[in-house]
Each structure stands twice: as C-alpha cells, then as structure tokens.
Amino acid sequence: MAKVGVAVAGGALVVTGLTAATTATRSEPRAAPPATVVVQVTDGHLADQTGRSLYLFLADTSGTSTCNDVCAAQWPPLTTQGAVTAGSGLDAAKLKTSDRQDGTKQATYNNHPLYFFSGDTGPIQTNGQGVNAFGARWWLVNPNGDAITTGG
C-alpha cells in the first residue's frame, strides 16, 4: 500500500506521495461509444436500453451540449457511433444526435442533449433529479421531450 503524506503549511493543505496508478487512472482512454443506442420510457421518464435514467441540462439551449470536461465526468453524455433508436412511447422524429466538443455524437431528444448522472448506479435511479450543478438545473425528461421539474 502506498503512503500519502499530508501536511498543512501556511493554511494550505499539501498532499504528497500520490502513486503513479492514481495518475494513470485519470489518463486512461474512454471506451468507444456503442454503435447504436435505444432511448425508451422507463417509470415515466426517458432511459437508455438498460433502464438508466436520462437527464437534460437547462444550460443547453441550442441543441448542443455545454457540459464538457469535469461536467461530463459527473454527467456523462449518451453517445453513439451511429443510430439512436426510439423505444415504445417515443416520437422517433424527436431523436437525433449533435456533435460534442470532443468529436463524439450525443443523443438528443426534442433538441435536448441527453445525459446520465454518475450518482445513478443502476436502472431507474433518479439521484440527479433537480440537481443544480455547473450553472443550471438537471431534470429528467418526459416522453414529450420536456423537463420533469417535480421531485428534486
């Protein structure tokens, strides 16, 4: 086990001795987006094909994501290399993709880029509902493509 030294100097916290494994974990490449994704209705809101809840970010006003870098680590975008398919109860014409800053394609519904929340660890969890982070609120998306602004 590696030791981590901690000292307080002049009111500043100084951490020393971080291992190379810690640094390597941050720079590992991300897995490639799936070839296709399915967006469906689960428990009254949008979810992916595994039932993981999808959110919209009120700061996204032009159909293009404004959530990148640290934001995208906490609110991972629903990305794809190809098609986005509408599950039962959704309007396929409202499903599209938009180009992200990093060159990937993000699924959108009713002109809202779609995201997961890192605090949701399984299907149907909605821990991100109503969270105010990165300058705006995050809301679940109803089958019409609008924010569900209750419960959060």
Would you find a donor on one side and an acceptor on the other, under 3.5 Å apart, between the side chain of Tyr115 and the backbone of Ala72? no
Verify same cluster id: Phe134, Leu140 (apolar side-chain graph, 4.5 Å): yes
Look at the rings of Trp75 and Tyr55 and say which category their plane angle falls in: under 30° parallel, 30 to 60° tilted, over 60° perpendicular. perpendicular
Treating Gln129 as the side-chain partner and Thr150 as the backbone partner, does any N or O pair qualify as donor plus acceptor under 3.5 Å? yes
Where do Thr97 and Thr108 come nearest, in terms of heavy atoms and distance? N-OG1, 4.0 Å
Going only through I, L, V, M, F, W and Y residues with side-chain contacts under 4.5 Å, is there a path from Leu46 to Val38? no
Which atoms form the tightest heavy-atom contact between Ser53 and Gln125, and what is the distance? OG-O, 2.7 Å
State yes or no: do Val84 and Val41 share one hydrophobic cluster built from I, L, V, M, F, W and Y residues joined by side-chain heavy-atom distances below 4.5 Å, directly or via other members? yes
For the student: nearest non-hydrogen atoms of Lys94 and Asn144, plus distance: NZ-O, 2.8 Å
Taking every non-hydrogen atom, the tightest pair across Pro113 and Ser65: CG-N, 3.7 Å
Indicate, with yes or no, if Ile124 and Phe117 share a hydrophobic cluster defined by side-chain heavy-atom contacts under 4.5 Å among Ile, Leu, Val, Met, Phe, Trp and Tyr. no
Of all heavy-atom pairs linking Trp139 and Ile148, the shortest is CE3-O, 3.1 Å
Tightest non-hydrogen contact, residues Pro143 and Gly44, listed as CD-O, 3.6 Å
